[in-house]
Undergrad: 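Here it is, the structure, as structure tokens.
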Amino acid sequence: MSARVAISFQESAVAAQSIKISGVRFSLFLSEATIQTRVAEIGQHLSRTHAGLKPLIIGVLNGSFIFVADLMRSITIPCEIDFCKLSSYRAQRVSSGTVQADLLIASSLAGRHVIVVDDIIDSGLTLHFMLQSMQTLNPESMTVVALLHKKGALKADVQIDHVGFTIPNRFVVGYGLDWHQCCRNLRAIYMLDDEEP
Ligand code: 5GP
Ligand code: MG
């Protein structure tokens, strides 16, 4: 796979109906407005369930960085943020099934009400590994939030407390989600088309 990714969209194309990346077409799946409405709903909900608890939000890098920034700003109670990074995907469209820890969490989780924020749950293996590691750090509670959840793809036994959108088992990009590290800056989410005509 080439390291170069050719993308045929322009700055104005952040709201385009479809984009082409290295000859592969993706179609608009979730608009910016749809995403923002749902993110605000989850933020309001967490503000109620975690009132008085000063939750520690842990964003799972890289994919959740935009979601977690929007989510945190829609939370109206005092809260803190830290990040952790794991990777299972490498440069593939399907999960490799192996999980590698790239970064440890700097904050102490002991006694904290932790809200883990992930971009997308596919097999769930990444999250499963991460939650198990976090449990050993003795948090008071753990709440899992995922923007996207691929229906039927779950292979690991994980409980997801809040899902933004349940989506078909297809590859998506945008709003933090990448294609070979590209496309994270798209404001909407695009889904890989079935077949090129
Ligand atoms: P899992 O361990 O659940 O199979 O994979 C989780 C991670 O794989 C996600 O956090 C995300 O980084 C990546 N991933 C899974 N599905 C997709 C997808 O459709 N598009 C992109 N860009 N990344 C995905
Ligand atoms: Mg992720």
Side-chain angles (χ1 to χ4, degrees), residues 30 35-90 95-167 169 172-178 184 189:
L30 295 169
I35 296 168
Q36 292 301 330
T37 301
R38 186 71 185 116
V39 172
E41 278 173 10
I42 299 172
Q44 283 159 19
H45 184 84
L46 292 171
S47 302
R48 288 195 297 273
T49 56
H50 286 70
L53 301 178
K54 197 163 81 169
L56 172 61
I57 300 167
I58 303 280
V60 183
L61 294 172
N62 293 337
S64 77
F65 81 108
I66 289 177
F67 173 42
V68 79
D70 284 344
L71 183 65
M72 190 182 188
R73 284 177 293 179
S74 70
I75 291 177
T76 52
I77 56 169
C79 56
E80 297 175 11
I81 186 133
D82 205 343
F83 295 92
C84 71
K85 185 168 182 173
L86 298 172
S87 64
S88 70
Y89 249 56
R90 304 293 172 223
S95 181
S96 64
T98 57
V99 177
Q100 180 180 331
D102 286 337
L103 187 74
L104 296 174
I105 307 158
S107 301
S108 169
L109 269 53
R112 299 299 306 268
H113 293 273
V114 173
I115 301 175
V116 180
V117 179
D118 209 349
D119 53 354
I120 182 166
I121 312 296
D122 186 353
S123 70
L125 291 166
T126 315
L127 187 65
H128 181 69
F129 174 87
M130 202 183 54
L131 294 178
Q132 277 194 327
S133 305
M134 285 187 191
Q135 282 294 0
T136 66
L137 302 172
N138 300 317
E140 181 68 28
S141 72
M142 286 226 288
T143 302
V144 177
V145 181
L147 179 67
L148 305 174
H149 174 35
K150 284 189 183 172
K151 203 174 176 183
L154 208 60
K155 289 186 193 146
D157 180 21
V158 287
Q159 188 194 322
I160 310 161
D161 300 288
H162 303 287
V163 174
F165 305 93
T166 301
I167 68 167
N169 194 0
V172 288
V173 296
Y175 195 68
L177 291 151
D178 77 305
R184 295 192 195 273
I189 291 177

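Below, each value reflects all heavy atoms present in this structure, side chains not excepted, and no hydrogens, waters or symmetry copies. Numbers for residues simply follow the sequence, beginning at 1.
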Undergrad: Measure across His113 and Ser141 and return the closest heavy-atom pair with its distance rounded to 0.1 Å.
TA: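 Heavy atoms only, the tightest pair is ND1-OG, 2.7 Å.
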
Undergrad: Run the numbers on Glu140 and Leu53 for side chain to side chain contact (heavy atoms under 4.5 Å, CB included), then give the verdict.
TA: CA-CA 10 Å; Glu140 181 68 28; Leu53 301 178; over 6 Å; no

Undergrad: Taking the side chain as everything from C-beta on, heavy atoms only, tell me whether Val144 gets closer than 4.5 Å to Val158.
TA: no

Undergrad: Would you call the rings of Tyr175 and Phe67 parallel, tilted or perpendicular, taking 30° and 60° as the class edges?
TA: tilted

Undergrad: Considering all heavy atoms of both residues, which atom of Arg184 and which atom of Ile66 are nearest to each other, and what is their separation?
TA: O-CD1, 3.3 Å

Undergrad: Any side-chain heavy-atom pair from Cys84 and Met130 closer than 4.5 angstrom?
TA: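 In short, these two side chains touch, coming nearer than 4.5 Å.
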
Undergrad: Ile58 and side chain to side chain contact (heavy atoms under 4.5 Å, CB included): which partner among Asp118, Asp82, Val117, Ile115?
TA: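 Among the candidates, only Asp82 passes.
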
Undergrad: Which pair of non-hydrogen atoms, one from Ile77 and one from Ala51, has the smallest distance, and what is that distance?
TA: CD1-N, 3.9 Å

Undergrad: From Thr76 OG1 over to Gln44 CD, what is the distance, rounded to the nearest 0.5 angstrom?
TA: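 So the OG1 of Thr76 and the CD of Gln44 are separated by 7.5 Å.
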
Undergrad: Say you draw a straight line from CE of Met134 to OG1 of Thr136; how long is it, rounded to the nearest 0.5 Å?
TA: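 Here the interatomic distance stands at 10.0 Å.
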
Undergrad: With rounding to the nearest 0.5 angstrom, report the CG to CD distance, Asp70 to Gln36.
TA: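 Taking CG in Asp70 and CD in Gln36, the distance rounds to 4.5 Å.
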
Undergrad: First locate atom CG of Leu147, then atom CD1 of Ile121, and finally report the distance between them rounded to the nearest 0.5 Å.
TA: 10.0 Å

Undergrad: Between CG of Leu71 and CZ of Arg38, what distance do you get to the nearest 0.5 Å?
TA: 10.5 Å

Undergrad: List the atom of Gly63, the atom of Asp119, and the distance in Å for their closest heavy-atom pair.
TA: CA-OD2, 3.1 Å

Undergrad: Specify the closest pair of heavy atoms between Glu80 and Met72, including all atoms of both residues, with the distance to one decimal.
TA: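 In this case the closest contact between Glu80 and Met72 is C-CE, 4.1 Å.
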
Undergrad: Nearest 0.5 Å please: distance from the CG atom of Asp161 over to the CD1 atom of Ile42.
TA: 11.0 Å

Undergrad: Side chains of Leu46 and Pro55, heavy atoms from C-beta outward: is any pair under 4.5 Å?
TA: no

Undergrad: Counting C-beta onward and ignoring hydrogens, is there a side-chain heavy-atom pair between Val68 and Ile81 closer than 4.5 Å?
TA: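 Yes, at least one pair of side-chain atoms sits under 4.5 Å.
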
Undergrad: Taking all atoms of both residues into account, what is the closest heavy-atom pair of Ala156 and His128, and its distance?
TA: CB-CB, 3.7 Å

Undergrad: Applying side chain to side chain contact (heavy atoms under 4.5 Å, CB included), run through Leu154 and His149 and close with a yes or a no.
TA: CA-CA 9 Å; Leu154 208 60; His149 174 35; 4.1 Å; yes

Undergrad: Before giving the answer on side chain to side chain contact (heavy atoms under 4.5 Å, CB included), spell out for Ile120 and Ile167 the whole-Å C-alpha distance, their side-chain angles and the decisive distance to 0.1 Å.
TA: CA-CA 10 Å; Ile120 182 166; Ile167 68 167; 4.0 Å; yes

Undergrad: Does the side chain to side chain contact (heavy atoms under 4.5 Å, CB included) test come out yes or no for Thr49 and Thr143, once each step is laid out?
TA: CA-CA 10 Å; Thr49 56; Thr143 302; over 6 Å; no

Undergrad: Does atom CG (Asn169) have a neighbourhood of more than 12 heavy atoms from anything else shown, all under 6.0 Å?
TA: yes

Undergrad: I'd like to know if the side chain of Arg112 reaches the main chain of Lys54, judged simply by a donor and an acceptor atom lying under 3.5 Å from each other, with no hydrogens or angles considered.
TA: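 Looks like yes, one N/O pair under 3.5 Å.
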
Undergrad: State, yes or no, whether a side-chain contact exists between Ile189 and Leu148 at a heavy-atom distance under 4.5 Å.
TA: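 Side chain of Ile189 against side chain of Leu148, heavy atoms only: contact under 4.5 Å found.
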
